[in-house]
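For reference, the structure is listed below as structure tokens.
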Amino acid sequence: MKTTPVTKDDLTRSVLAVPPLARSADFSPDTVQNRAIVRHLEAGGVTTLLYGGNANFYNIGSGDYASLLDMLEGVAAPDTWLIPSIGPSFGLAMDQARWLRGRDFPTAMVLPMNGQATPAGVETGLARIAEAFGRPVILYLRAENYLEPAALARLVQAGMVTAVKYAVERPDPLPDAYLAALCEAAGSDTMVSGMGELPALAHLRDAGLTAFTSGSVCVAPNLSMATLAACRGGDFTKAARLRALFLPLEELRNALNPIRVLHEAVRLAGIAETGPLLPMLSNIETAHHQAIGAAARELLAADRALALAA
Ligand SMILES: N[C@@H](CC=O)C(=O)O
């Protein structure tokens, strides 16, 4: 596992994969199946694994946190960058940050707190969490005005925030005045497009962002990495052609539930037995399995065709 401090190159080198977490029937993390997911990603060239929403880190208890991260560390390749999430509540994030201080993870992502948060409180909270951790954190920003642009600039300047996973959903990704203000204040190279392949092209082409996160990369790592390479090479026609291959699965994810659909898609594509989703989530209803399986297998087939052609 990469243990050196985060650089801008680290953010752009790889799609930031946001994998599901495989569990056994008793909800314990399944080492063999998580290794299969990680190997599938690494074989497709992915070097950054961000365990957050798709792994249902929102619902992980403090008592299970250490053994879960030990397991993930054990399955990741030596040069893979593993980013655990902390929070979403301030108290839980502080407990996890104090514990992470004694470990080698270069950063951690602070999950968004819904409802019980104010912009000023978020600024104070991020500063305290980064101080307790002793390292800068990644902010997962999902709501308009969650943090003031000037506050983000202060936190970046102070070395407390290293990047932002920007995931404020809009009918069209751009124009986005809030994203523009955050980029203006803190630099667009701090902002990572955080909603998968669909909005990533507009964010990378027109808003100056340089990296994106993805869940469907866990089915099609070669295609997602090729999309990133095409964007970074300025070939947005090619990037759009590659992105189109993700549409059937992404549309199902958006229509039903992104986390629940991805969890089942990885299983139905034959990549790993993902098992049960940890409460408070639950697995998607079997009525949707046929459509999810078909979209996932089609995407995986396209991924394999690309890998063979390379
Ligand atoms: N939510 C997006 C990006 C990851 O956070 C996805 O799952 O594709």
Side-chain angles (χ1 to χ4, degrees), residues 11-12 14-22 37-38 40-41 44 46-60 81-88 107-112 114 137-143 146 163-170 173 179 191-204 207 209-225 227-228 231 239 242-269 271-272 274 277 281 284 292 295-296 299-300 303:
L11 283 175
T12 57
S14 168
V15 174
L16 286 86
V18 186
L21 192 82
I37 297 170
V38 170
H40 179 65
L41 283 161
V46 172
T47 58
T48 306
L49 308 180
L50 169 54
Y51 281 87
N54 292 338
N56 199 3
F57 262 54
Y58 292 93
N59 285 302
I60 290 167
W81 178 21
L82 205 56
I83 309 170
S85 288
I86 59 179
T107 187
M109 183 174 79
V110 182
L111 293 166
N114 291 327
V137 296
I138 294 175
L139 166 63
Y140 189 175
L141 199 161
R142 289 194 68 182
Y146 186 67
V164 175
K165 178 183 189 290
Y166 184 81
V168 180
E169 287 182 27
R170 306 187 186 282
L179 175 61
M191 309 296 295
V192 173
S193 178
M195 292 174 282
E197 283 76 8
L198 302 196
L201 266 64
H203 283 163
L204 271 65
L209 277 56
T210 50
F212 67 87
T213 69
S214 165
S216 290
V217 65
C218 301
V219 176
N222 295 285
L223 280 175
S224 190
M225 286 295 288
T227 306
L228 175 65
C231 290
L242 293 167
R243 177 182 61 176
L245 298 165
F246 287 88
L247 278 174
L249 183 60
E250 284 295 281
E251 280 171 356
L252 279 170
R253 293 186 67 209
N254 290 337
L256 298 170
N257 177 292
I259 297 174
R260 297 172 78 206
V261 170
L262 179 68
H263 194 85
E264 231 57 54
V266 167
R267 179 180 73 80
L268 292 164
I271 295 161
T274 43
L277 265 162
L281 281 172
I284 197 126
I292 296 169
L299 181 58
L300 180 61
D303 191 77

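The analysis underlying the following values was restricted to heavy atoms, covering all of them including side chains, and did not include hydrogens, waters or symmetry mates. Read the numbers this way: they start at 1 and go in the same order the structure lists the ligands and their atoms. All residue numbers in this chain count up from 1 along the given sequence.
- A donor-acceptor contact under 3.5 angstrom links the side chains of E197 and S224, judged on distance only.
- A heavy-atom distance below 4.5 Å is not found between the side chains of I138 and V110.
- I271 and I37 make their closest contact through CG2-CA, 4.4 Å (heavy atoms, listed as atom of the first residue, atom of the second, distance).
- Nearest heavy-atom pair, D303 versus P221, reported as atom, atom and distance to 0.1 Å: OD1-N, 3.3 Å.
- A donor atom on one side chain and an acceptor atom on the other are not found under 3.5 Å apart for E264 and T274.
- A tilted orientation is assigned to the rings of Y51 and F57, their planes being inclined by 30° to 60°.
- The protein residues lying under 4.0 angstrom from ligand 1, judged by non-hydrogen atoms, are V18, N54, K165, G194, M195, G196, T213, S214, G215, R253.
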